[in-house]
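The residues of the chain are indexed from 1 along the displayed sequence.
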Amino acid sequence: MLCFYIEVSQRALLTKECRLSILRISLLFALVAFASDLQAERSVEDEYKALLWKTAKIIHQYYVEEVHPDSLAQAAVRGIFNSLDPASEYTFNARTQLASEDPARLLNDRFYTLMQMAQAIDENAFYPVTADTLVRFGIAGMMEILDPYSVFLEKRNLDNFNIQTQGKYGGLGFRIQVVYPDSAIAVWSLVHDQTPAALAGVKSGDLITAINNTSTKGMSAGVAADSMRGEPGTSVTLTLERADRPTPFDLTIERREVQMNSVSLATLFPDGTGYIKLDSFQKGSTREVFKAIVELEEQGMERLIFDLRNNGGGYLEEAVQITDLFLPRDCLVAFTEGRRIETAEYITREDALLRDTPLIVLVNHLSASASEIVAGAIQDWDRGLVLGTTTVGKGSVQQIVHIDDRAELKLTMAAWHTPSGRSIDRRMRKDSTLVRGYDKEFKTLRLERIVRGSGGITPDIEVSGRSGSRLYVQLSGIYSLNNQFFYYAREHRLKYPDLTPDFVVGPGDLAAFRTFAENRGFDYISELEAQVEELDKVAEGEEYNQLAKPLSHLTDEIDKIEEQHWQETEDLIAWRLTFAILEKAFGEPVAEAYNVTVDPQVLEARRIVADPSEYQMWFDKGEIGTPEEDSIAQEDGRGDLQ
């Protein structure tokens, strides 16, 4: 059997390093214990069998690629020891391991030994570690060796996952964000105007300073969300600050089931081009898209832009049904392959709702999974053009497996492929037998244009979106959480009650916004100024005296450059400020309706789809994109500004 050696810190072996880690370890245990909703502490054996052993068996049996029992067991051991103090160690004696060609027998042997080890830790560790903690760290260790989309979901994450996929939850119906310097929870935007919060009088821009008399100062957005969600029919009391109210006030709201729409905007431009923005693939998304198309056709739509930017995916079945709206009956949309799952083909079942209408699908670096299935099928069947930037490249399929009442496992069980046979996945291991075509060429099914696997969906037409700037980032409070646009917009609607939905920021508004931000203490620090400040810190004595005059001159020049940055960023600031003001005054639909009229990718898509000769020209090109080795990697986390 698998032998192990454990060195668990005893009182006599307490090292200086261990003593220094007491506070950190104790805090970690306290947090884990707090997060656990156990009614009574279970033994290591009970907790181990209920969670870790069950999770290990599911991974071993169903994961998309075979994981050797030794790899799985060692990963669990590493996870368990991450919960202990740094002086605790373990070693495996490979010579005494059971040798067997039966994977199931190996798995049982390795994890029986692992349970014995967990029990030994529970009995002998100087610093007490709960069974719940040991098991969860062991599970975390196993998840580390899988792909990034396989996730062990406990209560809060499971609730969030269900909201994203089912599109509903018991709560109030607004999005929140922590803001500084108030250290409060901001009502960032309302989901729609019929949510419990909206009907009770909550406004976008309100600051939540307490939830059921518990201050939100220092509270994370996750904890705040958990506090406000609950069973429909129950109530929660919010203490709110509003820009036009001199003192905070309480508002008690009854929780209800909140339905989130997946189509955030459907509109018809004056030239007859329709536009539909789909934010997610949740239950009911197909009905929403179908309804939007029918209504746009009744208004005279001649062509369509289907926006999947920032759409992280959702249900595969919804992706297939939405693709069915654009392709003829009996067309392959995608197929999946898994180690323990039979190959499944997803075929269109209905006649296309929009069979020949000119179509452009918008994607970007945040379009993933189900979005890539739709874009890939449209591209492979030469049904429409894909415009934007290269997508995420998530070509795997996850299924939810029930573990117990407290947790579920979202496990990658298959890889999916587009109709041409390519996998677009860039996250799985490159030696994967299920991710084919990493450097292989494929051809579209009608026009036989060359497309490639791996690395996401490469658009037919590469068009970048807005690019940010250092000044914009600082104004947005991306790192400081002190968002100048938010604070200005929440006051603007009160100063201008006659504001109309066609409002657009002008030069006077830009000047007022800058004055407002500077009065709030905003100080733009360019990269040059930051470097000079660092130099100013390290310069001392005579060296500093010698640098004082040149630094003073350099500072004057930097001030001029920073003023130039304000001028260069005016258009970007005007766009973001207009959006923020419209959202706070009229809601997200009005703000989004403005946004699409100035969005550079939407404008380019409108130009191309309305020009029959140029639209056809892109189909006449024999190759889509460039080979991966000839392109610039796009995995640095940057992308279009949305």
Side-chain angles (χ1 to χ4, degrees), residues 62-66 146-150 281 308 311-349 361 363 367-386 390-399 410-460 623-625 627-628 631:
Y62 293 110
Y63 188 60
V64 64
E65 293 180 315
E66 185 174 357
L146 307 183
D147 66 284
Y149 302 111
S150 293
F281 290 83
L308 298 179
N311 186 326
Y315 281 116
L316 184 150
E317 291 79 5
E318 293 289 340
V320 174
Q321 293 172 25
I322 286 173
T323 307
D324 203 333
L325 301 175
F326 304 108
L327 296 180
R329 186 191 300 264
D330 296 327
C331 285
L332 178 66
V333 176
F335 65 92
T336 60
E337 292 180 330
R339 184 170 60 94
R340 292 295 182 93
I341 297 178
E342 293 184 4
T343 298
E345 293 186 341
Y346 296 86
I347 311 292
T348 57
R349 302 299 182 192
V361 179
V363 297
S367 303
S369 188
S371 292
E372 295 172 299
I373 288 176
V374 174
I378 297 297
Q379 191 176 65
D380 277 7
W381 283 104
D382 300 293
R383 169 61 185 87
L385 297 173
V386 179
T390 303
T391 61
V392 168
K394 181 183 179 296
S396 54
V397 180
Q398 288 72 42
Q399 292 189 18
K410 185 175 74 160
L411 186 67
T412 297
M413 295 190 183
W416 65 263
H417 304 76
T418 70
S420 66
R422 57 181 166 145
S423 166
I424 54 84
D425 198 284
R426 74 165 85 209
R427 298 295 183 91
M428 296 176 67
R429 297 197 301 269
K430 294 297 184 288
D431 61 351
S432 168
T433 58
L434 294 172
V435 179
R436 63 179 66 163
Y438 178 64
D439 55 359
K440 182 181 176 183
E441 293 181 353
F442 297 82
K443 291 187 177 181
T444 61
L445 302 178
R446 288 183 57 249
L447 301 178
E448 297 189 340
R449 299 181 294 158
I450 294 174
V451 290
R452 292 179 174 80
S454 187
I457 299 293
T458 300
D460 299 90
E623 183 173 352
I624 298 172
E628 182 167 335
S631 64

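Considering SG of Cys331 and CG of Asp324, their distance stands at 9.0 Å, rounded to 0.5 Å. Distance check, rounded to the nearest 0.5 Å: CE of Met413 to CZ of Arg339 gives 10.5 Å. Interatomic distance, CD1 of Ile378 versus CG of Leu327, reported as 4.5 Å (0.5 Å rounding). Here the CZ atom belonging to Arg383 is positioned 7.5 Å from the CZ atom belonging to Phe326, to the nearest 0.5 angstrom. Rounding to the nearest 0.5 angstrom, the gap separating the NZ atom in Lys443 from the CD1 atom in Ile624 is 12.5 Å. Here the straight-line distance linking atom OG1 of Thr391 with atom CG of Leu308 works out to 10.5 Å at 0.5 Å rounding.
Pairing each heavy atom of Tyr315 with each of Ala370, the nearest pair is O-CB, 4.2 Å. Of all heavy-atom pairs between Gln379 and Thr444, the closest is O-CG2, 3.6 Å. For the pair Pro419 and Gly376, the tightest heavy-atom approach, listed with the atom from each and the gap, is CD-O, 4.4 Å. The two residues Thr348 and Arg329 come nearest to each other via the heavy atoms OG1-C, 3.3 Å. Nearest heavy atoms, Leu445 versus Asp382: N-OD2, 3.8 Å. Here the closest non-hydrogen pair linking Ile347 and Val320 is O-CG1, 4.2 Å.
With a 4.5 Å cut-off on side-chain heavy atoms, Thr390 and Pro459 count as touching. Between Asp147 and Lys394, every side-chain heavy-atom pair lies at or beyond the 4.5 Å cut-off. Annotation: side chain of Tyr346 is in contact with side chain of Thr336 (closest heavy-atom distance under 4.5 Å). In this structure, Ser371 and Val363 have side chains that are not in contact, with every pair of non-hydrogen atoms separated by 4.5 Å or more.
Side-chain atoms of Glu345 and Thr343 form no donor-acceptor pair, as typed in the model, at a separation below 3.5 Å.
In this structure, Ser150 contributes its side chain and Thr412 its backbone to a donor-acceptor pair below 3.5 Å. At distances below 3.5 Å, not a single donor-acceptor pair connects side-chain atoms of Lys440 with backbone N or O atoms of Phe442. A donor-acceptor contact shorter than 3.5 Å is absent between the side chain of Glu372 and the backbone of Gly395. Side-chain atoms of Trp381 come within 3.5 Å of backbone N or O of Leu332 as a donor-acceptor pair.
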Test log, rule side chain to side chain contact (heavy atoms under 4.5 Å, CB included), inputs Arg422 and Asp380: CA-CA 10 Å; Arg422 57 181 166 145; Asp380 277 7; 2.7 Å; yes
Tyr62 vs Val64, side chain to side chain contact (heavy atoms under 4.5 Å, CB included): CA-CA, chis, key distance, verdict: CA-CA 6 Å; Tyr62 293 110; Val64 64; over 6 Å; no
Chi angles and distances behind the side chain to side chain contact (heavy atoms under 4.5 Å, CB included) call for Ile373, Phe281: CA-CA 11 Å; Ile373 288 176; Phe281 290 83; over 6 Å; no
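Residues satisfying the salt bridge (Lys or Arg N to Asp or Glu O under 4.0 Å) criterion with Asp460, sequence neighbours excluded, are Arg449.
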